[in-house]
Amino acid sequence: MASHDRFLTLFMRHQDDLRAFVGSITSDWTAVDDIVQETATVLWQKFAEYDTTRSFGAWARGIAAVEIRRHRGKTARVPLLMSPEAIAAIDAVWDEHPVPASLRIEALSRCLERVGREPREILAWRYRDGLELQDVAARSGRGIEAVGKMLQRLRAALSECVRRQLAAEGAG
Amino acid sequence: MTNDRGEELVARFLDGRADTAERVELEARLCSDPAWARQFVAVARLEADLRQVHRVADAAPGARLSEKIAVAQRTFTARSARRRRLRPRGARNGWPLLAALVLLAVGVVVYGLSSGPSGSAALAVQAPFHAGDRPFPPLASLQGQVGIAGGGTIRLTNGTIAWSDGTALAPVLRLDQGEAAIQVAPRDGRSAFVVQTPHGEVRVLGTAFRLVVTDVTDVSVASGRVEVVAGGASMVVGPTGHARLSAGAPPVGFSPVMTVAPTGNPSAWNHRSRGSAVSAHGIGPTGRPVLRMSLTQPPYPWVVATWREPLDWSAGQGVSVVLLGRGSGEYWAMEVYDHGTSPSTIDRGPFARFRTRFIDDRRGWHERRLPFSDFVPCDDPHPDEKDDGLTTACIQGVAVIGGESPVAIHVERIGIYAAE
């Protein structure tokens, strides 16, 4: 397979995971697209150096971690909340029990259909409209802590629902 | 999640609520206990998936027309009020009002001269749409069945949100949401009839077609041709063709097929690798039932549909598949079971199996065209298989094959496409 095709195949397979990784470390989803794009450019430039015996995902995350720091240096906007040691600890377990994003997202969509109207609104404001927690709180007329707790409970319930759906399909 | 403190800390961190002490505690736990790191990864992945699901569901359709109009009206009202507050009292009823009155008078005179006899029938002739004698001027709400100036009808299903726009010479239907079946008389020498949706535009010179507007716009052409425009690109859709418009993206076309494999019937997929399953899954973009092929035990899980009476696909150029892309970068494959030059009505083999692979490099519904010339004999033939080349005259089955990861492949249509 041509180098370009090989790179494209690998990158497309891992790009959702890479976004999740970058988003979790920066906690700034407005910057994620920029950082992932910059990471993709570097990955392509260095693809000749990629050791095919290693996980492509792990290699990409290593470069993404560098790009996150570089991006922060350029914009001084993205908060870098984690030490390199903590990032390495997350990276070490990231590839355990991988389930393809497409199956996870399909299961999550089914689980979201069971969520009530009000919580679904909260989720939409947070994840569709990209509102900060304080803005979600203001829009919903609740306190920040109450909304945070609500989101935490919703995520736990959705996580359990997704796990069951995947297990039922033999993919969990 | 099994660790309550971990769940609390991770949630506070990802929501931006964690204070310095909590961040230090989280980092220390992440570094010392892999169970905490796993918990963090699980929540981080769910967080990303939630954003992805909401992004896909929203599909960036932009504000719907009714919302845009409401926003524009609110903005206009607010600006007008602000201007009224700012303007000196003496100017409020000064020359702008005079100018408006002059323009209105000129308009009435011109309209009166051009419309000829007065009365609602004459007005109906001037309006872009009408229901009998009742005219619908621009930005009138449309419901039920309405006529198009210049000939043609629109049937709007209940609950559809549609507005009139344009002129009698160049009518424009604004379809915000819902479904419309449209028949347009040939518009020889006149401007095209145009339908605008939140996702793009359909230009018609005389045809019958159907539009369904949800998060996307699906266009199905019964006869004639329409031009669809979206995302800065356009394409012509011919008889029995389909196109899907998404906000900001070029139109995706689905060509007509000559023969259709049994994609609407899960039980027709009568052979499956271990763990694979086929089920019905709603309606796809060209209005046909969708099959969900759950291929969860890689590598290369498969499902096969065979049929007794062979189908002659020799008039086609290749296989056309309408499927839901994942953008996974995985190789998927299709096989056709060709009985060669010896027609038969037996249930199974000895077929010759021919396979082609393609990369799942697109997201969303789209049509894949797999030329017959790309199909090669399978490298693991049955001993009884007789390879006399892919004749395509006696096709008795098709197979869909997954890649190296578990996947659910949604397929709406499998058939053959003809030369353009």
Side-chain angles (χ1 to χ4, degrees), chain A residues 5 8-17 19-21 23-25 27 29 79 81-83 85-86 88-90 92-94 96-106 108-109 112 123-124 126-130 132-133 144-145 147-149 151-152 155-156 158-160 162 169-171, chain B residues 1 7-8 10-18 23 26-58 275 277 292 294 296-297 324 326-331 359-361 363 403-408 410:
Chain A
D5 289 349
L8 204 61
T9 301
L10 288 167
F11 183 74
M12 290 189 75
R13 192 180 294 170
H14 291 93
Q15 65 175 342
D16 287 333
D17 240 23
R19 282 178 58 79
F21 179 74
S24 69
I25 288 172
S27 290
W29 285 88
L81 302 174
M82 277 200 185
S83 66
E85 294 77 21
I90 292 165
V93 298
W94 192 271
E96 288 181 6
H97 312 299
V99 176
S102 60
L103 292 187
R104 289 199 319 262
I105 284 170
E106 196 177 317
L108 180 59
S109 301
L112 280 168
L123 289 169
R126 176 74 172 140
Y127 297 110
R128 182 195 65 202
D129 302 341
E132 295 294 335
L133 212 58
I144 294 178
E145 283 299 316
V147 170
K149 269 284 177 199
L151 279 171
Q152 184 184 328
R155 283 193 295 244
L158 287 169
S159 178
E160 178 60 17
V162 168
E169 291 193 347
Chain B
M1 304 289 274
E7 184 182 318
E8 169 80 17
V10 171
R12 293 184 70 81
F13 176 83
L14 291 174
D15 287 339
R17 288 183 291 147
R23 272 169 26 206
L26 177 63
E27 282 205 16
R29 301 273 196 174
L30 288 173
C31 293
S32 62
D33 187 349
W36 277 67
R38 286 187 199 103
Q39 203 160 17
F40 182 92
V41 169
V43 181
R45 277 215 173 97
L46 180 69
E47 183 88 358
D49 289 349
L50 278 164
R51 286 174 200 278
Q52 177 76 6
V53 164
H54 282 89
R55 202 160 55 163
V56 169
D58 197 36
R292 181 177 187 274
S294 178
T296 56
Q297 293 194 22
L324 183 64
R326 304 284 192 187
S328 65
E330 293 260 342
Y331 272 110
I359 297 178
D360 170 38
D361 55 359
R363 289 176 192 264
E404 295 177 357
S405 304
V407 69
H410 292 78

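Within every chain, numbering begins at 1; the chains are lettered A, B, ... in the order of the sequence lines, protein sequences first and strands thereafter.
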Count the heavy-atom pairs under 4.5 Å between each of [options] and chain A, then report the option with the highest count.
| options | result |
| --- | --- |
| B:A18, B:A277, B:A37 | B:A37 |
| B:V41, B:D361, B:L30 | B:V41 |
| B:R17, B:R29, B:Q297 | B:R17 |
| B:S328, B:A44, B:S294, B:S32 | B:S328 |

If we ignore hydrogens and angles and just use 3.5 Å, is the side chain of [X] paired with the main-chain N or O of [Y] as donor and acceptor?
| X | Y | answer |
| --- | --- | --- |
| B:R326 | B:A408 | yes |
| B:D360 | B:G327 | yes |
| B:E330 | B:E404 | yes |
| B:R51 | A:A20 | no |

In terms of heavy-atom proximity below 4.5 Å to chain B, should [X] be classed as side chain, backbone, both, or neither?
| X | value |
| --- | --- |
| A:L10 | neither |
| A:E106 | side chain |
| A:L133 | side chain |

### Query
Taking atom CG of A:L103 and atom OG1 of B:T296, what is their separation to the nearest 0.5 Å?
8.5 Å

## Note on the structure
Separation between CG (B:L50) and CG (A:L112), nearest 0.5 Å, reads 6.0 Å

### Task
Could you tell me which of A:E132, A:H14, A:R126 has the largest number of non-hydrogen atom pairs under 4.5 Å with chain B?
A:R126

